[in-house]
Asks: 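Handing you this structure, nothing more for now.
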Amino acid sequence: MAESPITPREKDFATWYQDVVIQGDMAEPAEIVKGCMVIKPNGYAVWEVLQRELDTRFKATGHQNVYLPLLIPESFLKKEAEHVEGFSPELAVVTHAGGKKLEEPYVIRPTSETIVGHFFSKWIQSHRDLPMLLNQWANVIRWELRTRMFLRTTEFLWQEGHTAHSTHEEALEEVIRMLDVYAEVAEDVMAMPVIKGVKTRAEKFAGALRSYSIESMMQNGLALQAGTSHDLGQNFGKAFDVQFQSKEGKLDYVWQTSWGVSTRLIGGLIMTHSDDKGLVLPPKMAHRKVVIVPIFRKDDEKGIVMEAAAKLAKEVGAHIDTREGHSPGAKFFHWERRGVPIVLELGPRDVAAGNVVIKRRDTGTKEIIPQTELAAKVAETLEAMQRDMFSKAKQRLQDNTVVANSIGEVREILDDVTAEKGGGKFVMAHLKDDPANDGAIKEFRASVRNIPLVDEYDGPGKCIITGEEVAQRVVIAKSY
RNA sequence: CGGGGCGUGGCUCAGCCUGGUAGAGCGCCUGGUUCGGGACCAGGAGGCCGGAGGUUCGAAUCCUCUCGCCCCGACCA
C-alpha cells in the first residue's frame, strides 16, 4: 500500500498546496528562471475555462480585445508619480538589444496603464470616442521577492481591462460592473465565495483614486485577493494628456478604469476546494468532467466492457481511460489527484447487470445505478456538486468570520496565524480608513482586506484605534 | 533582500564529517502472471553528483563564487 504523496492540510497547509499543484499536474516550478512556473496541460485547461467564462462576459458588457507591446519605454512609467513609486522595485528592465545598449531602457510591462494612456491620447479626441472599452489578455512580469505557484509568480498570465469615460460617474459604474463580473465568475463558475469591497487608501493600486477588490478565504483562513477593479480618476488622463472635447465644446481629461484577474485565481480555486487526496475541481471548471475506468480480466471481458464503455462515454461525453498496464486502482488514484468531478467504474459485473458505478470527487460517494439512468444522473450530480461545493466554501467563510471590538482582540485572533499552520479568520472590526491605521494592523502581519460594499454587520461604530465614528466594519485578515 | 534549510538516475533520498573513479526505493523498458482502490516475479536501461573556478596524484565529498528550490522575515494590485 503506497502512501499518498500529498502532505495533509493539517500537517502543513503550504506544503499541501504545493503537493496538490504538482500531483494534480497543474504546474511545476520552472527552476531555470527565478520565480517562474510551467503551467502544465491540466492547469492550462483550467485557465482556458476561466478565459472563456470571463471573455464572454467582457464582450457581453461591450468590451473589445486588443494587444499592446510587452516593452514600455522607461520614461512612460515615470509620468505618473505614484505609479512609478509603486512599481519601481519590481520592474525588469531591458537595457540592451540588437547587440548594443539602448538609449532609453524598456521596462517589461508589470501592467499597461501607462502604455494605454499613451494610445488613449492618440485615439481619443471627442466625447463621441467615449466610452472606450478595451481588454488585453497578456503576460506581465513583476520581480517579486517571494513566489508561490499561481499565487505570486514572477511572470503571470492575466487580463487587464482599460476603459476611458467622459464622466466620473460613468467610470465608477464601470468599476463596479467589472467587479460584479469577477464576483459572478468566482462564485457561479469557480464556486468560490467572495467579499466585494473597497480597498483602503493605503492598499489601493499605485496611481488609482480608489481600488475595489473581491476577497476570498482559503481553507487555512488566509485571504486571497482574487480580483481588482480600479477607479483611476483623471490621474493617467492628465499624465498622458488624454483630453476630449465635450458636447459643450469644452476640453476635459478622460476618467479611466482598469481591472484585472490573473492565473492567481487558479491558486484560489485549488485552496478553496481541494482535499488531502488532491485536486478537486467544481464541474464548471473541469475541462474533463467524467472519466470511465473500465475493469476486466480476460480478453473476452475486455471486449464486452469496452463496448459498453464506448456507448456510455458517447452518451455522457466521458473520457475512457484505456491505458494498458495500469490496474483499475491505479487509475482511480490518477483521476482523483487530477480533480475529475465524476469517475465511472464499469466492470463485467456491471455490464451483466446493466449497471455502472458513479463516484463523486468532492464527497467520495459511490453509487451503483442502472446504465439507462446514467445521463440524467451525471447531469444531476454535476449540478449538485457545483452547488454543494459553493455552499461548503460559503459555510467555511461564515464559520471563520468573527467580530472584534478592540485592536487587542484583533491581534489576539490573528497573531499566530500562518500560511502553514492555518487558523486564519476574517475579523470584522470598525476601523477608520487612514494609512496610519493600516500600519498598526501591519504590525502583526495582517492587513485590511477591504471595506465591504454591503455591510452585513451592525453599521456605524467607533474605530478600534482612533475611537472616531466610522460607517461600518472592515475585513481584517492575514493574506497571500 | 536578510536569516535558515536544500540541490546526487524521471521522483524521494542515502553517501559528504574521516577525498580513492556512484547506491537504495519508487518510476521506466521487455516478458509472463495479474486487474472491482496505488499488483507480482524475472531480466534490463538510465546519473559523473545544479553550474563555474580552486586545493589535491585524485573531489559528489574540502574551499570560493554563482544559479535554483523550500521555510521565516521584509517587500508585494
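Computed from a prediction, not measured in an experiment: that's the story for all the values here. Naming convention: chains lettered A, B, ... in sequence-line order (proteins, then strands); numbering from 1 in each chain.
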Asks: Counting only non-hydrogen atoms, which of residues 34-44 of chain A are less than 4.0 Å from RNA chain B?
Replies: A/Lys34, A/Gly35
Asks: Using whole Å, report how far CG of A/Leu91 lies from P of B/rC76.
Replies: 13 Å
Asks: Classify the side chain of A/Lys366 versus the base of B/rG37 as yes if they form a donor-acceptor pair under 3.5 Å and no if they do not.
Replies: yes
Asks: Whole angstrom is fine here: how far is it from CZ in A/Phe444 over to P in B/rA74?
Replies: 13 Å
Asks: Could you work out which one of B/rC75, B/rG38, B/rC71 sits closest to the side chain of A/Lys442?
Replies: B/rC75
Asks: Taking any strand in view, what nucleotide pairs with B/rU34 in a Watson-Crick or G-U wobble way, both distances under 3.5 Å?
Replies: none
Asks: How many Å lie between CZ on A/Arg338 and C1' on B/rG38, as a whole number?
Replies: 13 Å
Asks: With no hydrogens and no angle check, do the side chains of A/Lys311 and A/Gln371 hold a donor and an acceptor under 3.5 Å apart?
Replies: no
Asks: Inspect the contact between A/Lys199 and A/Glu215 and indicate whether a charged nitrogen and a carboxylate oxygen are less than 4.0 angstrom apart.
Replies: yes
Asks: Just the rounded figure in Å: distance from C1' of B/rA39 to CD of A/Glu324.
Replies: 16 Å
Asks: Is B/rG68 paired to anything, Watson-Crick or G-U wobble with both distances less than 3.5 Å, and if yes, which nucleotide?
Replies: B/rC6
Asks: Run the salt bridge (Lys or Arg N to Asp or Glu O under 4.0 Å) test against A/Arg109 and tell me which residues pass, sequence neighbours left out.
Replies: none
Asks: Sequence neighbours left out, what passes side chain to side chain donor-acceptor pair (under 3.5 Å) with A/Ser75? Give chain and number order.
Replies: A/Glu104
Asks: Rounded to the Å, how far apart are A/Asp19 CG and B/rU12 C1'?
Replies: 12 Å
Asks: State which residues pass side chain to side chain donor-acceptor pair (under 3.5 Å) with A/His162; sequence neighbours excluded, sorted by chain then number.
Replies: A/Glu160
Asks: Please list, for nucleotides 26-35 of chain B, all pairs of protein and nucleotide N/O atoms separated by less than 3.5 Å.
Replies:
| from | atom 1 | to | atom 2 | distance (Å) |
| --- | --- | --- | --- | --- |
| B/rC35 | N4 | A/Arg297 | O | 3.2 |

Asks: Nearest of B/rC71, B/rG37, B/rC76 to any side-chain atom of A/Glu336?
Replies: B/rG37
Asks: With sequence neighbours excluded, what pairs up with A/Phe426 under the ring pair (Phe, Tyr, Trp, His ring centres under 6.0 Å) test?
Replies: none
Asks: Going by the rule side chain to side chain donor-acceptor pair (under 3.5 Å), which residues pair with A/Gln51 if we only count those two or more places apart in sequence or in a different chain?
Replies: none
Asks: Let's see if you get this right: which residues in residues 220-231 of chain A place a heavy atom under 4.0 Å from RNA chain B?
Replies: A/Gln225, A/Thr228
Asks: Take the protein atom CD1 of A/Ile22 and the nucleotide atom P of B/rC70, then report the distance between them rounded to whole Å.
Replies: 9 Å
Asks: Would you indicate whether A/Lys79, at its atom NZ, is surrounded by more than 12 heavy atoms from other residues, nucleotides or ligands within a distance under 6.0 Å?
Replies: yes
Asks: Run the ring pair (Phe, Tyr, Trp, His ring centres under 6.0 Å) test against A/His118 and tell me which residues pass, sequence neighbours left out.
Replies: A/Phe76
Asks: Using a 4.0 Å heavy-atom cut-off across all strands, classify A/Val293 as base, sugar-phosphate, or nothing.
Replies: nothing
Asks: Applying side chain to side chain donor-acceptor pair (under 3.5 Å), can you list everything that pairs with A/Thr154, at least two apart in sequence or on another chain?
Replies: none
Asks: Going by the ring pair (Phe, Tyr, Trp, His ring centres under 6.0 Å) test, which pairs reach into residues 210-235 of chain A, not counting sequence neighbours?
Replies: A/Phe205-A/His230
Asks: Paired with B/rU12: which nucleotide, if any, by Watson-Crick or G-U wobble criteria at under 3.5 Å for both distances?
Replies: B/rA24
Asks: Which nucleotide, if any, forms a Watson-Crick or G-U wobble pair with B/rG43, using both distances under 3.5 Å?
Replies: B/rC29
Asks: State the pairing partner of B/rG73; accept Watson-Crick or G-U wobble contacts with both distances under 3.5 Å, and report none otherwise.
Replies: B/rC1
Asks: Under a 3.5 Å cut-off for both distances, is B/rC48 Watson-Crick or wobble paired, and to whom?
Replies: none
Asks: For A/Lys377, which residues count as a side-chain contact (heavy atoms from CB on, under 4.5 Å) partner, sequence neighbours excluded?
Replies: A/Ile358, A/Glu367, A/Ile369, A/Glu380, A/Thr381
Asks: Applying the Watson-Crick and G-U wobble criteria at under 3.5 Å, what pairs with B/rA60? Answer none if nothing qualifies.
Replies: none
